[in-house]
Amino acid sequence: LNRDYRRIDRPTDVLSFCMAAEEEKGPFPFILPPDDITHLGEVIISYPQAEAQAAEQGLPIDKELTLLLIHGILHLLGYDHEETTDEAKMQAREKQLMHDINVK
């Protein structure tokens with residue numbers, strides 16, 4: 001998926017597909033549920049990559065998965081980390097959300 005959608009041929013931990021951005025390009029490339037709910041998009045987490053990262057950092061896998069899910073959702077909400085200032089804002093929001101949901 002990283003190669004096909006981002007043109008980066010290496011593993012990544014999380015990908016976010018913003019429905020609004022995808023709709024501007026044409027039909028959304030994923031099958032959507034048959035409801036009338038407005039969906040932000042899709043967050044796809046690579047479990048093997050999450051496992052490796054958790055081991056590298058000495059974290060439980062559930063904490064790493066929670067952080068990756070938050071990270072992906074923040075991308076759907078417009079956060080980015082290409083610039084240093086944007087990265088700092090995104091990391092601060094991730095930290096606050098992890099605290100808010102009591103992930104230790």
* If you group Ile, Leu, Val, Met, Phe, Trp and Tyr by side-chain heavy-atom gaps below 4.5 Å, do L40 and V43 land in one group? -> yes

* Could you give the distance from CG (L1) to CD (E42), rounded to the nearest 0.5 Å? -> 11.0 Å

* **Verdict with reasoning, I44 to F17, per side-chain contact (heavy atoms from CB on, under 4.5 Å)** => CA-CA 8 Å; I44 312 239; F17 297 94; 4.0 Å; yes

* Structure fact -> Applying side chain to side chain contact (heavy atoms under 4.5 Å, CB included) to E56 and not counting sequence neighbours gives none

* **Residues H81, Q91; criterion side-chain contact (heavy atoms from CB on, under 4.5 Å); working and verdict** => CA-CA 9 Å; H81 48 79; Q91 287 176 344; over 6 Å; no

* If Ile, Leu, Val, Met, Phe, Trp and Tyr residues are connected whenever their side-chain heavy atoms lie under 4.5 Å apart, and connections chain through other members, are L68 and L15 in the same group? -> no

* **OG-CG distance between S16 and L76, expressed to the nearest 0.5 angstrom** => 4.5 Å

* To do: Grab the two heavy atoms, one from E64 and one from A54, that are nearest each other, plus how far apart they are.
  => CB-CB, 3.9 Å

* To do: Following the transitive rule for hydrophobic clusters with a side-chain heavy-atom cut-off under 4.5 Å over Ile, Leu, Val, Met, Phe, Trp and Tyr, establish whether I61 and I45 coincide in one cluster.
  => yes

* Contact check, side chains of T12 and I8, non-hydrogen atoms, under 4.5 Å -> no

* Structure fact -> CG of L65 to CD1 of I70, rounded to nearest 0.5 Å, is 11.5 Å

Under 3.5 Å, sequence neighbours excluded: what are the donor-acceptor pairs made by side chains of residues 92-103?
from, atom 1, to, atom 2, distance (Å)
E94, OE2, H71, ND1, 2.4
Q96, NE2, D100, OD1, 2.6
N102, OD1, K104, NZ, 3.0

* Would you find a donor on one side and an acceptor on the other, under 3.5 Å apart, between the side chain of S46 and the backbone of D13? -> no

* For P60, check side chain to side chain contact (heavy atoms under 4.5 Å, CB included) against everything at least two apart and list the hits. => D62, K63

* **Within one Ile-Leu-Val-Met-Phe-Trp-Tyr cluster: L67 and M90, side-chain cutoff 4.5 Å** => yes

* All side-chain hydrogen bond (donor to acceptor under 3.5 Å, both in side chains) counterparts of R6, not counting sequence neighbours -> N2

* Asked: Which residue pairs pass the ring pair (Phe, Tyr, Trp, His ring centres under 6.0 Å) test with at least one member in residues 43-68, sequence neighbours excluded?
  -> none

